[in-house]
Structures are given as C-alpha cells and as structure tokens.
Amino acid sequence: MRIATWNVNSARARVARIQSLLTEHDIDVLAIQETKCTDANFPRADFEKLGYEVAHVGYSQWNGVAILSRVGLSDIANEFPGQPGFHKDPQQPQKIEARAVGATCGGVRVWSLYIPNGRAVTDRHYTYKLHWLKALSEYAASSLAENPQQDLALMGDFNVAPRDEDVWDMAAFAGSTHVTDAERANFELLEEAGLTEVTRQFTAADRYTYWDYKGGRFYKDEGMRIDFQFASTNLAARAQKGFVDKEERAKRGSSDHALVLVDYAASPTP
DNA sequence: ATGCCTTGCATGGCAAGA
C-alpha cells in the first residue's frame with residue numbers, strides 16, 4: 001500500500017496538482033494538511049471522480065485536514081481523544097481546531113495531522129504546540145496499549161525539525177520555534193510511545209520537505225525537514241521505500257511543502 | 001532589521017504561515 005502525506009497550502013488553489021500527483025504516483029492513501037477551507041468548500045467531488053473516498057475536517061479558512069483513500073475509508077474521527085484547543089483570547093473557551101482527522105483505510109488506522117506552528121517561543125501558541133504534541137503521544141500510547149499489533153500511521157506536518165541537520169543553518173534559527181529542545185523532546189515522545197518515524201531512512205539524500213516561499217529558499221536548497229510518517233511496530237516493519245517529491249516543489253505555483261511518500265508491503269494474511 | 005512569498009477573506013489590508 002502506498003501512503004503519502006502532503007501539506008498542500010490550500011486544497012482549492014491546488015486541486016489539479018493534487019489530482020495529478022494522486023495519479024502520477026499511484027497513491028492509495030493521501031493525508032492532506034492546510035486545506036484552508038470548510039467542509040462545504042472542500043473540492044470533494046474532484047477526488048471522488050478519481051475513485052477516492054474523502055474525509056475532511058475544516059471549520060474556517062485556517063488549518064483543515066483531509067484523508068483521500070481508494071482502499072476504503074471508515075470510522076472517521078474529527079479529532080483525537082484529548083486533543084487540546086486554542087483561542088487567541090485566553091479568557092475565551094479554547095476550541096478544538098481542524099488539525100486532526102482519522103480514518104481506517106485498507107486495514108490501517110491513518111491520521112492526517114497538522115501540528116500547531118508555535119509562532120514564537122514567547123507566544124501562547126508555542127505552549128499550545130507543546131501540549132498538542134504531548135497529547136498526541138499520549139493518545140498514541142493508549143491506542144497501542146489497547147492493541148499493540150494494530151497498523152497505526154500518524155502523518156503530516158509536525159512543524160518540528162528534530163535534528164540540527166534538518167535545517168540548512170541552525171544559526172538562522174537561533175531563538176526561533178521548530179528547533180527548540182522542548183519541541184524536539186515532545187516530538188521524541190511519539191517514538192517513546194512506541195511509534196517509528198519511517199520516512200527518514202528512505203530520504204537521506206533529500207534533506208528537506210519544506211522550503212519557505214520567501215527569499216528563493218528552494219533554489220538555494222535552504223529548507224527544513226518537518227513532514228513525517230510515524231508507524232506502529234507491525235506497519236513500520238513493512239515499510240519498503242519512500243521519497244520526497246522535490247520535482248513538484250520546483251514547479252511554479254506549488255505548495256511550499258513537498259509530498260512525502262512511503263510504500264508498505266501487504267499485511268500477511270491472518 | 002525587515003521584507004523577501006502565498007493564501008483566504010467582510011476583496012481590505014490583514015492574519016497566518018515556519
């Protein structure tokens with residue numbers, strides 16, 4: 001089964017590109033982040049006509065996550081248990097944002113995840129980000145404790161560069177989010193929960209999954225590795241190969257993130 | 001130091017992104 005994740009930076013602005021990559025790469029399941037639209041505005045029919053079932057969670061112009069699957073799609077969840085909320089006003093009730101959608105596709109429990117950016121280390125959004133990662137790891141740990149043999153995949157834009165080599169210049173990130181010890185520690189909690197990050201082993205030659213639009217970063221290859229796929233033990237053991245689609249990122253009008261794809265061998269028949 | 005670019009929207013200058 002071929003599973004990919006892609007922060008598309010607006011689903012409506014990039015419908016044709018998403019359709020192209022689904023076909024070009026023969027993708028079974030695609031997790032999308034930053035659709036930037038409500039459920040009513042998500043271009044669902046454009047993917048259904050290609051044979052994909054669709055799960056989308058979008059409450060406004062911000063965030064928005066989706067799963068497209070041609071190997072079945074059931075038991076849709078609009079958030080994970082314990083998912084923290086946010087509101088710009090700390091006095092207001094903190095609301096769950098459109099940052100997680102789960103569905104079972106071809107026997108794999110798939111989550112498309114858009115981890116909060118953090119904005120600045122002094123911002124409430126940064127604390128929110130740390131809590132969000134911790135809560136996600138706790139959910140993963142409890143799900144794996146319940147069923148250690150399951151095929152579970154958590155993928156998306158994690159907004160953390162876990163190693164110094166995952167950014168082009170650590171000095172450029174002094175005092176910034178995405179590279180702090182606290183963010184890296186909470187990213188690591190996912191591994192401690194029993195998940196394995198499976199994309200890095202196949203994509204060492206392609207260091208990055210994101211390049212800022214500003215300042216011609218892509219052409220200077222000044223990027224960040226912040227998009228990942230985490231898999232449960234049984235699923236991770238079946239990861240065969242993977243790649244980062246830098247060609248698409250090089251095109252005019254592309255997303256600022258690249259698609260990250262992994263092939264998994266079929267589950268042994270029980 | 002700031003903008004560098006791109007998106008969506010009350011189509012305005014913002015907010016947000018990383």
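Every chain is numbered from 1 and lettered A, B, ... according to where its sequence line falls, protein lines coming before strand lines. Here the structure is a predicted model, which is why all the values come from computation and not from measurement.
B:dA16 and B:dA1 are spaced 24 Å apart, taking the P atom of each and rounding to whole Å. Going from the P atom of B:dC14 to that of B:dG3 covers 12 Å, rounded to whole Å. For the C1' atoms, the distance from B:dA10 to B:dA15 is 14 Å, rounded to whole Å. B:dG12 and B:dT7 have their C1' atoms separated by 15 Å, with the value rounded to a whole Å. Straight-line distance between the C1' atoms of B:dT6 and B:dT11: roughly 16 Å, to the nearest whole Å.
Remark: aromatic rings of A:His25 and A:Phe243 are close, center separation under 6.0 Å. A:His125 and A:Phe86 have their aromatic ring centers within a separation under 6.0 angstrom.
The shortest distance between side-chain heavy atoms of A:Thr196 and A:Phe230 does not fall below 4.5 Å.
A:Asn117 and A:Tyr126 are not linked by any side-chain donor-acceptor pair at a separation below 3.5 angstrom, with hydrogens and angles left out of the test.
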Name the pairs: protein N/O against N/O of nucleotides 15-18 of chain B, kept only if under 3.5 Å.
residue : atom : partner  : partner atom : Å
B:dG17  : OP2  : A:Arg119 : NE           : 2.6
B:dA18  : OP1  : A:Glu34  : OE2          : 3.1
B:dA18  : OP1  : A:Asp157 : OD2          : 3.2
B:dA18  : OP1  : A:His257 : NE2          : 3.1
B:dA18  : OP2  : A:Tyr114 : OH           : 2.9
B:dA18  : OP2  : A:Asn159 : OD1          : 3.4
B:dA18  : OP2  : A:Asn159 : ND2          : 3.0
B:dA18  : O5'  : A:Asn159 : OD1          : 3.4
B:dA18  : O4'  : A:Tyr210 : OH           : 3.4
B:dA18  : N9   : A:Asn117 : ND2          : 3.1
B:dA18  : N7   : A:Asn117 : OD1          : 3.0
B:dA18  : N7   : A:Asn117 : ND2          : 2.6

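Aromatic ring orientation, A:Trp132 versus A:Phe80: perpendicular (interplanar angle above 60°, classes split at 30° and 60°). Note on ring orientation: taking the six-membered ring where Trp is involved, the planes of A:His257 and A:Tyr210 are tilted (angle from 30° to 60°).
For the pair A:Arg99 and A:Tyr114, the cation-pi test (distance below 6.0 Å, angle within 45°) is passed.
Using a 4.0 Å heavy-atom distance criterion, A:Arg252 is classed as making no nucleic acid contact.
OP1 or OP2 of B:dT7 sits under 4.0 Å from a side-chain N or O of A:Arg14. Considering only side-chain N and O atoms, A:Ser255 lies nowhere under 4.0 angstrom from the phosphate OP1 or OP2 of B:dT6. Checking the phosphate oxygens (OP1, OP2) of B:dT6, no side-chain nitrogen or oxygen of A:Arg217 falls inside 4.0 Å.
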Nucleotide pairing, DNA chain B (Watson-Crick or G-U, distances under 3.5 Å), in dot-bracket with [ ] and |: ....(((((...))))).
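If you measure from atom NZ of A:Lys220 to atom P of B:dC4, you get 14 Å, rounded to the nearest angstrom.
Residue A:Asp151 comes nearest to A:Arg238 through the heavy atom pair OD2-NH2, 2.9 Å, listed as atom of the first residue, atom of the second, then distance.
Checked by atom type and distance alone, the side chain of A:Ser137 never pairs as donor or acceptor with a backbone atom of A:Ala193 at under 3.5 Å.
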